[in-house]
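Please read the structure below before turning to the comments.
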Amino acid sequence: MTTTPKRILLLGATGSIGTQTLDVLNAHPDEFTLIGISAGHAREKLEEIAAKFSTVQAVGLSALEHDETIAGIPWYGGEDQMVRMVRELDYDLLVNAVVGFRGLAPTLAALERDKDVALANKESLVCGGELVNAALAKTDAVLRPIDSEHSAIWQCLQGNDRNDIRRLIITASGGSLRDLSRDELADITPQRALRHPSWSMGARITIDSATMVNKGFEVIEAHYLFNLPYDQISTVLHAQSIVHSMVEYNDNAIMAQLGSADMRLPIQYALFGPARPYLHEDKPLDMTKTLTLDFKEMDHERFPMLGAAIKAGKRRGNAGCIFNAADEQAVELFLKEKISFLQIEEAILDALESIPFIEHPTLDDLLETDRMTREHVRVRYL
Ligand code: MG
């Protein structure tokens, strides 16, 4: 059977998820055609990708001052390049692998054009969940989660009735500093915090895992993706990162998705699901070997940012946007060794107290909240 390949626009093409998305696309040239790629600064990497995938018709680079034609291909430049590509190009699926708040506007722009979005950008939902929901209500387009926990939940929902869900159980590895007490966190260096025990990920998400901010964001993300109240979304510590998340049903059955810590599976499932084509994996999970699975109750005192993020999510309005902006800015300062690890938490809590709350923000309100919050954090610490 031959079908027309799905046309893919990939934002965040040079990051960790973007690079692994290219791996998956490269393995399935008959099913997918990469038509556009975009990144913030990594010009050379974009040139390499455009040379490798001859189907690429447009490239976006925020760091490029003006639109240009390079090697016969139009390049979109400037901060608005992603939204312009999303609005102007012909594609079937947007893969949003952008890191951070800047990923929200392209998600909204794609939904406004009735385009499906494979979403790795959790900030779209953390910062703009209400706007994304409103956009989804006006279209048949859907979000296809790439985040490994949400992909696992999505897989565990297949063939079951949503009304029978008791709760979602999101697993958390505990991050790179999980064996340290809070007292021991005071003088942690970026190099130490970046050593994640099970996942190889981008810098920001690795730090967000260590603070448990990431898990808080994932609870908010699950709330919007699966349209469930917060009291039906729980978290559990699971050091091995083998069970990627679970769904518990009313008959007490718990469905879990297990696998090695390889993001290409959730990426591939977002592209193909519910189909499951072959995926080459160097270390597939081997059930003939002894497998240890530990689960521990979440420790909210050790990881106060989890509860703080969920609280911001429940507050709605621009609270998630404030939380995220403070975190993005504080993590950047921590990575540059301008602030300590625990000051990331302090910066977030301070911003939530200081930045004005808006109950029903527009996208422009959120852009202003993001700008104002980052500045507030910078002024406080620099
Ligand atoms: Mg995740």
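Along the sequence shown, residues carry numbers from 1.
In this structure a side-chain-to-backbone donor-acceptor pair under 3.5 Å is missing from Arg144 to Ala118. Looking at Asp114, its side chain never comes within 3.5 Å of a backbone N or O of Thr139 through a donor-acceptor pair. Of the possible donor and acceptor atoms, none in the side chain of Asp365 sits under 3.5 Å from a partner among the backbone N and O of Asn318. Panel note: side chain Gln268, backbone Pro277; a donor-acceptor pair is recorded below 3.5 Å. Judged by distance alone, the side chain of Gln158 and the main-chain N or O of Trp154 form a donor-acceptor pair under 3.5 Å. A distance-only check finds no donor-acceptor pair linking the side chain of Arg316 to the backbone of Glu130 [under 3.5 Å]. Between the side chain of Asp147 and the backbone N or O of His150, no donor-acceptor pair lies under 3.5 Å. In this structure, the side chain of Tyr230 does not engage the main chain of Lys311 through any donor-acceptor pair within 3.5 Å. Using modelled atom types, no side-chain atom of Arg167 and backbone atom of Ser234 make a donor-acceptor pair closer than 3.5 Å. Although no hydrogens or angles enter the test, the distance criterion places a donor-acceptor pair under 3.5 Å between the side chain of Arg182 and the main chain of Arg302.
Here Asp67 pairs with Arg84 in a salt bridge; the nearest charged N to carboxylate O distance falls below 4.0 Å.
Among residue pairs with one or both ends in residues 342-382, none qualify as ring-ring contact (aromatic ring centres under 6.0 Å, His included); sequence neighbours excluded.
There is no side-chain donor-acceptor pair under 3.5 Å between Arg380 and Gln343. Inspection of the Ser62 and Glu79 side chains reveals no N or O donor paired with an N or O acceptor under 3.5 Å. Side chain to side chain, Asn160 and Tyr249 meet the donor-acceptor criterion of an N or O pair below 3.5 Å. For the residue pair Gln240 and Thr292, no side-chain donor N or O sits within less than 3.5 Å of a side-chain acceptor on the partner. In this structure, a donor-acceptor pair under 3.5 Å is present between the side chains of Ser38 and Gln81. Using a 3.5 Å distance cut-off with no hydrogens or angles, the side chains of Asp364 and Thr362 do not pair a donor with an acceptor. Donor-acceptor pairing under 3.5 Å is lacking for the side chains of Gln232 and Arg166. A donor atom on one side chain and an acceptor atom on the other are not found under 3.5 Å apart for Glu248 and Asn252.
Across all non-hydrogen atoms, the minimal contact from Ala222 to Leu168 is CB-CD1, 4.2 Å. Of all non-hydrogen atoms in Met212 and Ala172, the two that sit nearest each other are SD-CB, 4.1 Å. Considering every non-hydrogen atom in both Ser241 and His244, the closest pair reads O-CE1, 3.1 Å. Arg113 approaches Asp90 most closely through the heavy-atom pair NH2-OD1, 4.2 Å. Closest heavy-atom contact between Ala97 and Leu10: CB-CD1, 4.3 Å. Nearest heavy-atom pair, Pro106 versus Gly103, reported as atom, atom and distance to 0.1 Å: CD-O, 3.3 Å.
No continuous path of hydrophobic side-chain contacts links Tyr91 to Val142 [ILVMFWY only; heavy atoms under 4.5 Å]. Note on Ile254: it clusters hydrophobically with Leu258, by side-chain heavy-atom contacts below 4.5 Å among ILVMFWY residues. Residue Leu306 is grouped with residue Leu125 when hydrophobic side chains (ILVMFWY) are merged at heavy-atom distances under 4.5 angstrom, including chains of intermediate members. Under the 4.5 Å side-chain heavy-atom criterion for Ile, Leu, Val, Met, Phe, Trp and Tyr, Val219 and Val132 are members of the same hydrophobic cluster. At a threshold of 4.5 Å between side-chain heavy atoms, the hydrophobic network of Ile, Leu, Val, Met, Phe, Trp and Tyr places Val98 and Met85 in one connected group.
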>> For Glu47 and Lys52: C-alpha separation, side-chain torsions, deciding distance, then whether side-chain contact (heavy atoms from CB on, under 4.5 Å) applies.
In response: CA-CA 9 Å; Glu47 285 173 340; Lys52 184 173 176 190; over 6 Å; no
> Between Thr171 and Glu149, does a side chain to side chain donor-acceptor pair (under 3.5 Å) hold up when you go through it step by step?
Replying inline: CA-CA 7 Å; Thr171 52; Glu149 292 79 359; 5.3 Å; no
>> Let's go through Arg371 and Glu375 carefully: what are the C-alpha distance in whole Å and the side-chain angles of both, what is the deciding distance for side-chain contact (heavy atoms from CB on, under 4.5 Å) to 0.1 Å, and is it a yes or a no?
In response: CA-CA 6 Å; Arg371 190 199 61 74; Glu375 187 178 279; 3.4 Å; yes
>> Does Thr189 form a side-chain contact (heavy atoms from CB on, under 4.5 Å) with Phe341? I'd like the steps, not just the answer.
In response: CA-CA 8 Å; Thr189 62; Phe341 182 77; over 6 Å; no
>> Go through it in stages, so that I can follow the logic: the residues are Asp183 and Ser181, the test is side chain to side chain donor-acceptor pair (under 3.5 Å), and I'd like the CA-CA distance, side-chain angles, deciding distance and then a yes or no.
In response: CA-CA 5 Å; Asp183 289 342; Ser181 69; 4.9 Å; no
> Between Ile8 and Leu25, does a side-chain contact (heavy atoms from CB on, under 4.5 Å) hold up when you go through it step by step?
Replying inline: CA-CA 9 Å; Ile8 305 291; Leu25 296 178; 4.1 Å; yes
> What do the steps show when you test Asn227 against Arg162 for side chain to side chain donor-acceptor pair (under 3.5 Å), and what is the final call?
Replying inline: CA-CA 10 Å; Asn227 200 18; Arg162 291 184 43 91; over 6 Å; no
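Residue Ile267 forms a side-chain contact (heavy atoms from CB on, under 4.5 Å) with just one option from Val24, Val95, Leu279, Asp23, and that option is Val24.
Taken from CG in Asn214 to OG in Ser209, the straight-line distance is 4.0 Å, to the nearest 0.5 Å. Note that the OG atom of Ser340 and the CD1 atom of Ile188 stand 10.5 Å from one another [nearest 0.5 Å]. Note: Thr107 OG1 to Met82 CE = 9.0 Å, rounded to the nearest 0.5 Å. One distance of note links CG of Asn324 with NZ of Lys122; it measures 10.5 Å at 0.5 Å rounding. Taken from CD1 in Ile170 to CE in Met298, the straight-line distance is 9.5 Å, to the nearest 0.5 Å.
Taking the six-membered ring where tryptophan is involved, the planes of Tyr278 and His280 are tilted, since the angle between them lies from 30° to 60°. Ring geometry, Phe272 versus Phe32: the interplanar angle exceeds 60°, so the pair is classed perpendicular (tilted spans 30 to 60°). Ring planes of Phe295 and His238: parallel class, angle under 30° (limits at 30 and 60°).
For the pair Asp370 and Ile322, the minimum side-chain heavy-atom distance is 4.5 Å or more. Inter-residue side-chain proximity for Asn26 and Phe53 is flagged as met; some heavy-atom pair is nearer than 4.5 Å. Side-chain contact between Ser16 and Met263 is absent, with no heavy-atom pair separated by less than 4.5 Å. Here the side chains of Asp327 and Arg204 are in contact, with some heavy-atom distance below 4.5 Å. Proximity of Tyr76 to Glu88: side-chain heavy atoms (C-beta onward) are separated by under 4.5 Å at one or more points. Looking at heavy atoms from C-beta onward, Leu119 lies out of side-chain contact with Pro145 at the 4.5 angstrom threshold. At a threshold of 4.5 Å between non-hydrogen side-chain atoms, the residues Glu31 and Lys6 do not count as touching. Leu34 is listed as a side-chain neighbour of Leu22, based on a closest heavy-atom distance under 4.5 Å.
For Asp92, the salt bridge (charged side-chain N to carboxylate O under 4.0 Å, His left out) partners are Arg7, not counting sequence neighbours.
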